[in-house]
Amino acid sequence: MWKRLPFRLRGYLITMSGVLLLSPDALLVKDTTVDVATFMFWRGLMLGLVLLVIAVARYRQRLGQAVRACGPAALWCPLAFAASAWAFVGATRLTSAGNVLVMLNLAPLVAGLIGMLFFGQRLRRQTWVVIGVCIVGASLMAAGEVGQGSLLGLGVALIIPVSIAVNTSVASSRPGSGKRGLDTTVVLPLGCLAMLLPAALMGGAQLPGYEDMQRLLLMGLLLPLAYFLIQTGARYLPGAEVSLVMLLETLVGTLLVWWWVGEVPAPLAFVGGGMIVVAMLASSLRDLARQRRKVAEGAPDTRRLRDAAAEASIARGEPAPPVGERH
């Protein structure tokens, strides 16, 4: 069943699953009392251990080869991954959630520009429209808190979309087998090391209290799989579209706060959330209708032909050409 799905749909489903697991992250950051260095030490340690176990289980003695195959991505993806984590935690502590989310919403736009300027990835006009609508919708959801918090926190929050965009764009630009991009999940443990070492030097290697440790352990269970799935999504989709799907974190995170804390969202939050859902759903239905219309008019189902060729290429172990836009 899974192999019958188009590559593009697989990418969306994989990335959405990761975003759903990532959505409680802001709650966990806000709900712990440890300082940023201690939080980042344990975040990097637990994420790194779990992601390393996953990588070793998948590649075994070929792990070193898989890391070397990433090329420049083995440097840029871990650094960007660590930078986005440090910036997210730091900004969440320094300023309001609204400010952080507004900055986070710029990630798909930045990723689209990076992919176009540096990697030759071309996005359809429809994708740019959906990005614009979702940025407006997510900004409306966060509008109630904008302006609260410090300018320093706002500056730190600006690092988040740039780091996410660099990571997803570089990861999606690396050619792999068949139609999929290269597997860059193997370098995520290096990103965790880049989180852990500065935190240890800042005195973060200390044991938190019992309640904080419970929350950190919960984070250690949810986030490794979340980041693994999101990074895997970049094998199927351009970086801008991976970042676009990550905007769902704004919607799901707001609903979680409403359910867990009892904090009722402002009316604009419902409007913005509705815009995100409608835009993504309309785009998906338009793609499906377009494909069915072409097939009904007698054109070959190029989606199925490309996917079949990609699967055959993967089975033969042949390398793929450089990735542009994946449809």
Side-chain angles (χ1 to χ4, degrees), residues 2-3 5-26 47 51 54 73 77 80-81 84-85 88 101 104-112 114-115 119 121 123-124 126-128 130-131 133-135 137-138 160-161 163-174 176 178-188 191 222-253 255-256 273 276-277 279-285 287-288 303 307 310 323 325-327:
W2 175 253
K3 289 187 177 181
L5 296 177
F7 269 64
R8 189 184 190 85
L9 180 56
R10 294 189 212 179
Y12 273 102
L13 292 175
I14 290 169
T15 309
M16 285 179 182
S17 299
V19 170
L20 289 176
L21 290 172
L22 185 64
S23 297
D25 193 20
L47 279 177
L51 289 170
I54 293 174
C77 287
F81 179 67
S84 64
F88 180 77
L101 291 174
L104 179 64
N105 297 337
L106 297 176
L109 177 60
V110 177
I114 290 175
F119 301 111
Q121 294 178 342
L123 300 180
R124 300 171 301 168
Q126 175 180 320
T127 302
W128 284 113
V130 174
I131 287 174
V133 172
C134 288
I135 287 175
I160 303 173
S163 301
I164 291 175
V166 169
N167 182 21
T168 57
S169 297
V170 172
S172 67
S173 72
R174 301 295 300 166
K179 213 182 164 200
R180 293 181 296 179
L182 195 69
D183 183 11
T184 56
T185 62
V186 295
V187 301
L188 290 182
L222 294 177
L223 298 195
L225 183 56
Y227 285 122
F228 176 83
L229 291 170
I230 292 170
Q231 198 78 13
T232 299
R235 302 184 69 187
Y236 297 82
L237 299 169
E241 295 194 34
V242 176
S243 300
L244 178 62
V245 177
M246 290 184 70
L247 291 187
L248 288 174
E249 183 184 358
T250 304
L251 172 60
V252 179
L255 295 177
L256 280 176
I276 294 174
V277 173
M280 289 190 170
L281 183 60
S283 178
S284 299
L285 291 176
D287 284 341
L288 184 60
R303 181 192 65 193
D307 288 355
V323 177
E325 183 183 10
R326 300 190 182 99
H327 291 289

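Distance check, rounded to the nearest 0.5 Å: CZ of F119 to CD1 of I114 gives 7.5 Å. Distance OG/S23 to CE/M246: 9.5 Å, rounded to 0.5 Å. Distance check: C77 SG to N167 CG gives 4.5 Å after rounding to the nearest 0.5 Å.
Contact between F228 and I54 at its shortest, heavy atoms only, is CE1-CG2, 3.9 Å. For S243 against I164, the heavy-atom pair with the smallest separation is OG-CG2, 3.9 Å. In terms of heavy atoms, A279 sits closest to C134 at CB-SG, 4.1 Å. Of all the heavy atoms in L51 and P224, the pair that sits closest is CD2-O, 3.4 Å. In terms of heavy atoms, A171 sits closest to A234 at CB-CB, 3.8 Å. Of all the heavy atoms in A73 and V187, the pair that sits closest is O-CG2, 4.1 Å.
A heavy-atom distance below 4.5 Å is found between the side chains of L222 and P24. The shortest side-chain heavy-atom distance between R235 and I14 does not fall under the 4.5 Å cut-off. Within the 4.5 Å cutoff, no side-chain heavy atoms of L223 are placed close to those of L21.
Side-chain contact check for T232 and T185: no donor-acceptor pair (N or O, by modelled atom type) lies under 3.5 Å. Counted by atom type alone, Q231 and T184 present one or more donor-acceptor pairs between their side chains at under 3.5 Å.
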Ring pair (Phe, Tyr, Trp, His ring centres under 6.0 Å) evaluation trace for F81 with Y227
CA-CA 9 Å; F81 179 67; Y227 285 122; 4.9 Å; yes
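T15 meets the side-chain hydrogen bond (donor to acceptor under 3.5 Å, both in side chains) test with no other residue; sequence neighbours excluded. Residues satisfying the side-chain hydrogen bond (donor to acceptor under 3.5 Å, both in side chains) criterion with S169, sequence neighbours excluded, are absent altogether.
A distance-only check finds a donor-acceptor pair linking the side chain of S172 to the backbone of G239 [under 3.5 Å].
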